[in-house]
Engineer: 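To start, I am sharing the structure in question, which I have written as structure tokens.
Counting from 1, the numbers follow the sequence of the chain as shown. Counting starts at 1 for both ligands and their atoms, following the listed order. Since the model is a prediction, treat every value here as computed from it, not as a measurement.
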Amino acid sequence: MPVVNDIAGAVEALERGDLVAFPTETVYGLGADAGNDRAVARVYGAKGRPAFNPLIVHVASADQAFGLGEFPKAARQLALAFWPGPLTIVVNRRVDCPVSLLASAGLSSLALRVPNHPVALDLLKAFGRPMVGPSANPSGRVSPTTAEHVRKHLGNKVAVILDGGRCRVGVESTVVSFLDDHPKLLRHGGLPRADIERLLGAALTIETRASRPHAPGQIDSHYAPRAELRLNADGPRPGEAYLGFGPFHTHGACSLSPAGDLVEAAANLFRLLHDIDATGVAAIAVAPIPHHGLGEAINDRLTRAAAPRPAP
Ligand code: TXA
Ligand code: MG
């Protein structure tokens, strides 16, 4: 399948019910017509998602999103402040919402986002309708931050790959839910929690998967490279590759951010995991990462990548 920036060709593919990989500022998405049940079902199939986890619906503007979901005042305020951008807002569907129920896995709610990437916005405007867009990787694997990652892992499943270069943010969007009186943070992501809380003037309730009570070892394995991961490591052991943070000079080691900058580290995270994994190394040791700002999202992804894998 060609890797070209053929927006018209991508729109035709979406209209036929085919899948289109597209760049966003966070990670590459696997796009399909959100109003077409068969196309949405093909997304689950292509990713090999074991369960019908609800998908994020991408639209070209906040106004388009307001036509699909019931936005309370605070949700509207967030949308207007941060869209286009790395924020997903969960609200109740409007009664006349044309999005496939399969996209929201049968829930009466809907996750909506306006991505901040010129190619994604061109595609969404030209298509004119909502598009589902989970990350364009096989389920449980590292999310793609280049068109080449998509080609390598899902190339035979998509009609078109739009190439927008390397993703600027590098981790998925922050997910905030407005289904009851108090907004909840469902996923740490590319928009730091503090930015959202500052705008709302209130703290978010944190209900990420990792925050829910669980026995050790029960965190879902997700975002996983093939290599085993060892976290909070001050250096590599024999046979391990090392992923550092800050300046790190051992031969062959690389750093998420030589400058110790969390924004740069987020942007590099999935790409470096892909690159190190491609060397065939058995284990990757990762330096401790600070927990503030985008460190919350980075630590969330690393913890899940290091969690015990389901049996093959
Ligand atoms: O950055 C991103 O958000 C990327 C790019 C491609 O836009 N997309 C992405 O999509 O990560 P996806 O479909 O993989 O995200 C699914 C997550 C679910 O795990 C869940 O946390 C949340 O979005 N979600 C979707 N629909 C929901 C709903 N109705 N209620 C609660 N959470 C929902
Ligand atoms: Mg994903």
Engineer: Between His153 and His274, how do the two ring planes meet: parallel, tilted or perpendicular, split at 30° and 60°?
Structural biologist: tilted

Engineer: Is Asn137 close enough that one of its N/O/S atoms sits under 2.8 Å from the Mg ion (ligand 2)?
Structural biologist: no

Engineer: Under 6.0 Å between ring centres: does that hold for Phe22 and His58?
Structural biologist: yes

Engineer: Are more than 12 heavy atoms from other residues, nucleotides or ligands located less than 6.0 Å from atom CG of Asp96?
Structural biologist: yes

Engineer: Find all protein N or O atoms under 3.5 angstrom from an N or O atom of ligand 1 and list the pairs with distances, or write 'none'.
Structural biologist:
residue: ligand 1; atom: 1 (O); partner: Thr26; partner atom: OG1; Å: 2.7
residue: ligand 1; atom: 1 (O); partner: Ser173; partner atom: N; Å: 2.8
residue: ligand 1; atom: 3 (O); partner: Ser173; partner atom: N; Å: 3.4
residue: ligand 1; atom: 3 (O); partner: Ser173; partner atom: OG; Å: 2.5
residue: ligand 1; atom: 3 (O); partner: Arg187; partner atom: NH2; Å: 3.0
residue: ligand 1; atom: 7 (O); partner: His58; partner atom: NE2; Å: 2.7
residue: ligand 1; atom: 7 (O); partner: Arg113; partner atom: NE; Å: 3.0
residue: ligand 1; atom: 7 (O); partner: Arg113; partner atom: NH2; Å: 3.2
residue: ligand 1; atom: 8 (N); partner: Gly133; partner atom: O; Å: 3.2
residue: ligand 1; atom: 10 (O); partner: Gly133; partner atom: O; Å: 3.3
residue: ligand 1; atom: 11 (O); partner: Arg187; partner atom: NH1; Å: 3.2
residue: ligand 1; atom: 11 (O); partner: Arg187; partner atom: NH2; Å: 3.2
residue: ligand 1; atom: 13 (O); partner: Ile56; partner atom: N; Å: 3.2
residue: ligand 1; atom: 14 (O); partner: Arg49; partner atom: NH2; Å: 2.9
residue: ligand 1; atom: 29 (N); partner: Ser109; partner atom: OG; Å: 2.9

Engineer: Ser255 side chain to Gly246 main-chain N or O, any donor-acceptor pair under 3.5 Å?
Structural biologist: yes

Engineer: Assess the residue pair Val176 and Ile196 against the criterion (side chain to side chain contact (heavy atoms under 4.5 Å, CB included)); give the C-alpha distance rounded to whole Å, side-chain angles, the decisive distance to 0.1 Å, and a yes or no.
Structural biologist: CA-CA 9 Å; Val176 181; Ile196 299 170; 3.8 Å; yes

Engineer: Using a 4.5 Å cut-off on heavy atoms from C-beta on, say whether the side chain of Leu124 contacts that of Pro115.
Structural biologist: yes

